[in-house]
Amino acid sequence: MGAMLGLVCTVRLRDAPTTGRRTWWLVLAAWGIGGTSIWTMHFMAMLGFRVSGTQIRYDIGLTVASAVLAIVFVAIGLFIVGLGRPTAVKIVTGGVLTGLGVAAMHYTGMAAMRLNGRIEYDPLLVGVSVGIAIAAATVALWMAVRVRRPAVIVVSALVMGLAVNGMHFTGMFSMSAHLHGTPSRLGGVTAATLIVPIVFAVIVVAVGLAYALVAASTDEDRAGLAFLEAQIADRETAAAPAPTPARTGLRVTDAGRFNRPR
């Protein structure tokens with residue numbers, strides 16, 4: 001859902017006639033793809049993660065930082081490919097930067113976990129997850145500048161969703177937890193504390209994006225408005241009274257001769 005809304009916002013971004021509107025649609029597209037699609041999927045899956053023998057809590061500051069990373073780096077990637085004519089160099093550059101940002105988001109979110117143990121990562125699987133993130137981001141940006149038809153947008157959103165899930169669970173598979181013998185006091189908040197605000201935020205953002213898409217005018221709307229204004233102007237011109245001819249001091253007789261009035 002987040003990828004679909006973000007891709008539609010990206011279509012509007014490419015068609016926006018002014019800098020202000022392009023900035024507006026860039027922010028909405030980054031929020032839809034980076035926030036609703038990537039980060040929310042990542043953290044909802046994180047809340048479903050369990051380690052036997054210990055509670056898991058989450059640091060609020062790092063959790064918020066991971067969301068900001070996702071949104072900002074997606075915005076940077078969209079800005080790169082959306083500035084001027086999209087080229088292969090721009091798409092690859094934007095994909096690498098966005099993919100690294102998504103990977104940073106993922107591992108920042110994992111660093112926000114607090115548990116009674118030590119966390120280690122398999123370097124090979126971490127590298128694979130980063131590669132998946134870069135490939136997924138590159139494909140996502142390529143789709144963002146190419147797709148327009150609704151059916152293609154739906155398929156592209158499904159592909160993007162599968163790629164994000166693949167990156168996330170590869171990164172989770174690279175992690176191993178080694179519990180301490182003595183339980184320690186954990187800081188942070190529980191998953192149950194975070195689930196309600198996250199779900200609420202997703203609903204608000206999704207409704208806001210949908211409303212923005214419905215309320216915003218398209219090229220067809222502007223063309224239709226211009227046509228109606230032209231039709232109204234033509235009718236007003238046709239209905240206006242004809243101008244009265246100026247008096248010349250001459251009169252026309254029945255025979256068609258011009259005579260001066262007496």
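None of these values were measured; they are calculated from a predicted model. We're numbering straight along the sequence, starting at 1.
Listed by chain and number, the residues in a side chain to side chain donor-acceptor pair (under 3.5 Å) with E120 are R118, H178 (sequence neighbours excluded). Remark: T54 engages V51, L115, N116, L179, L186 in a side-chain contact (heavy atoms from CB on, under 4.5 Å) (not counting sequence neighbours). Under the rule for a ring pair (Phe, Tyr, Trp, His ring centres under 6.0 Å), the partners of Y121 that lie at least two apart in sequence or sit in another chain are Y107.
V27 belongs to no hydrophobic cluster, as no Ile, Leu, Val, Met, Phe, Trp or Tyr side chain comes under 4.5 Å of its own. Applying the 4.5 Å side-chain rule to ILVMFWY residues, one finds F173 in the same cluster as L125.
The two atoms that bring V74 and G34 nearest to each other are CG2-CA, 3.7 Å, heavy atoms only.
Residue pairs meeting the side chain to side chain donor-acceptor pair (under 3.5 Å) criterion with at least one partner in residues 86-104, sequence neighbours excluded, do not occur; the list is empty. Pairs engaging residues 160-174 under the salt bridge (charged side-chain N to carboxylate O under 4.0 Å, His left out) rule: none recorded [sequence neighbours left out]. Among residue pairs with one or both ends in residues 58-82, those qualifying as salt bridge (charged side-chain N to carboxylate O under 4.0 Å, His left out) are D59-R114; sequence neighbours excluded. Applying the salt bridge (charged side-chain N to carboxylate O under 4.0 Å, His left out) test to residues at least two apart or on different chains, none of the pairs has a partner in residues 34-55. Sorted by first and then second residue, the side chain to side chain donor-acceptor pair (under 3.5 Å) pairs with a member in residues 60-79 read W39-S66; sequence neighbours excluded. Among pairs with a residue in residues 65-99, none fulfils ring-ring contact (aromatic ring centres under 6.0 Å, His included), at least two apart in sequence or across chains.
At a threshold of 4.5 Å between non-hydrogen side-chain atoms, the residues I33 and M160 count as touching.
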Contacts under 3.5 angstrom, residues 41-49 side chains, donor-acceptor by atom type, not counting sequence neighbours:
unit_1	atom_1	unit_2	atom_2	d
H42	ND1	H106	ND1	3.2
H42	ND1	H168	ND1	3.2

